[in-house]
Amino acid sequence: MKKTSIQNEMFLEIRDKELFKQVQQYSFDYLENVFDRNVYPTEEALNDLSKFDEELPLFSTKAEKVLEQLNQYGSPATTATLGGRFFGFVCGSALPIGLAAKNLATYWDQAPAMNVLSPIGSRLESVVEGWLVELFKLPKGTVAGFVSGTSAANLCGLAAARYRILKKNNWDINKKGLYNAPKIRIVAGKQAHSTVLKAIGILGLGQENIEWVDVDNQGRIIPEAIPELDENAILILQAGNVNSGSFDDFETICNKAQKANAWVHIDGAFGLWAGAVDELKHLTKGIEKANSWAVDGHKTLNTPYDCGIVLCEDKEALTSALHMSASYIIESTQRDGMFYTPEMSRRARVVELWAIMKYLGKAGIDKMVLTMHERAKQFSYEISKINGFYVDNDIVFNQVIVRCDNDKITERVLNNIQNLRECWLGGSVWFGNKVMRISICSWATTKNDISKSVKSFQKALELEITNANNVNR
Ligand SMILES: *Cc1c(COP(=O)(O)O)cnc(C)c1O
């Protein structure tokens with residue numbers, strides 16, 4: 001095929017829009033089904049993934065054929081995280097307005113690295129930064145970087161901490177690196193999220209240097225167990241334990257850290273949003289005394305993937321830690337997004353974040369997040385009534401930890417639940433026991449979804465009992 005002919009074809013695709021209509025139809029079909037279908041792909045759908053195992057074609061493929069393949073074999077091999085019965089990890093769904101706004105932004109194809117690259121992207125980042133600071137009641141002057149998730153946000157927050165602490169020691173980390181640098185202390189709870197450890201590793205601070213703090217039976221840091229802090233210490237706290245959903249006692253701990261001039265970073269991936277709910281905001285009391293915060297849009301707020309935010313009250317530390325410069329950069333008097341993130345180019349994910357916050361408003365966010373909490377309590381209540389299931393945590397937010405009589409049974413029942421595909425969740429280990437971890441994090445989870453899922457748990461346990469009896473006979 002000659003070069004000009006494929007270019008002509010592409011202009012035709014833009015002009016007649018058939019391609020986009022085709023994809024719109026596929027999207028509508030997907031949305032029609034995703035709330036009722038099997039939550040995990042069927043065996044057949046998984047086997048059909050082999051259709052993608054092919055060599056890179058030598059010649060061009062018709063665009064409609066490319067989309068056809070993607071729809072026919074791709075769509076059935078998705079997990080229905082968008083629906084109301086995916087309880088695995090901590091995943092959000094996506095609000096319709098978020099999907100729609102992201103769709104529009106897809107056609108804009110903006111990269112808000114610099115203001116000149118995307119005035120709309122930059123303006124929305126400024127606006128949403130202000131909204132988030134107000135919603136979480138963070139100190140005036142707190143800035144935001146819009147990144148892919150809390151993994152990246154933790155990395156950025158801790159990079160800012162590293163910059164600030166070394167700067168106070170007359171050490172410019174960007175110029176001198178870590179060789180012979182003054183030592184930075186890292187203090188973290190024994191149940192800090194694995195992405196925090198990853199960030200510590202990437203930043204060269206060394207996971208073996210962590211001073212571990214004991215936690216209570218909900219996974220919360222025991223304030224009295226925190227070692228003496230000083231101004232060379234980074235203390236890492238958690239809003240929303242990934243298993244139990246518990247929150248550290250920020251008020252007590254941050255007061256202590258402030259007195260010692262230590263840097264406090266809060267990993268609030270899904271839990272920070274409790275601060276936006278009247279009935280739950282006691283959980284985040286005192287967070288405003290920290291220095292940096294990491295939070296996701298794509299979990300509790302239900303933005304489409306991907307969306308995370310780093311917030312930092314020390315603008316100079318964050319922007320210096322992530323600074324880059326080159327002769328061709330055009331700096332604006334307004335916001336240039338790349339000074340707040342590790343990347344230069346990245347998509348304008350703020351568009352759907354803005355759209356969702358505007359759509360819901362404060363009252364809507366409050367209601368949506370509170371409903372997740374209520375569904376978690378419903379789940380806990382209904383599952384506790386079934387003989388053979390035990391709830392192992394206090395339901396303070398959206399997480400429920402469930403186990404059976406022993407590890408073997410818990411594992412097999414979890415396996416049965418996953419095979420039934422009526423809902424989906426994963427396992428974890430909680431104080432030495434194998435457990436099942438339920439995360440209610442979707443706007444779409446109804447009361448009925450909870451009851452239906454509890455029934456699936458019951459079916460899975462009955463299957464296990466039947467199998468055990470058959471083996472014994
Ligand atoms: C999910 C999660 C992370 C990681 O966030 P990503 O958005 O997946 O990068 C970090 N900490 C906690 C507590 C989480 O729940």
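Here the structure is a predicted model, which means the values were calculated and not measured. When a ligand or atom number is given, it counts from 1 through the structure's own listing order.
- Comment: Lys447 does not engage Glu382 in a salt bridge, judged by the lack of any side-chain N to carboxylate O separation of less than 4.0 angstrom.
- Counting heavy atoms of neighbouring residues, nucleotides and ligands inside a 6.0 Å radius, atom OH of Tyr305 exceeds 12 of them.
- The CD1 atom of Ile97 sits 8.5 Å away from the CG atom of Leu95 when rounded to the nearest 0.5 Å.
- Within the structure, the side-chain hydrogen bond (donor to acceptor under 3.5 Å, both in side chains) test picks out the following pairs touching residues 124-147 (sequence neighbours left out): Glu125-Arg335, Glu125-Arg346, Glu129-Arg335, Glu134-Lys362.
- For a heavy-atom separation below 4.0 Å, the residues in contact with ligand 1 are Gly149, Thr150, Ser151, His193, Thr195, Gly240, Val242, Asp267, Ala269, Phe270, Asp296, His298, Lys299.
- Note on Glu251 versus Lys289: salt bridge recorded, some NZ/NE/NH1/NH2 to OD/OE distance being below 4.0 Å.
- With respect to Arg185 and Glu211, a salt bridge is recorded, a charged nitrogen being found less than 4.0 Å from a carboxylate O.
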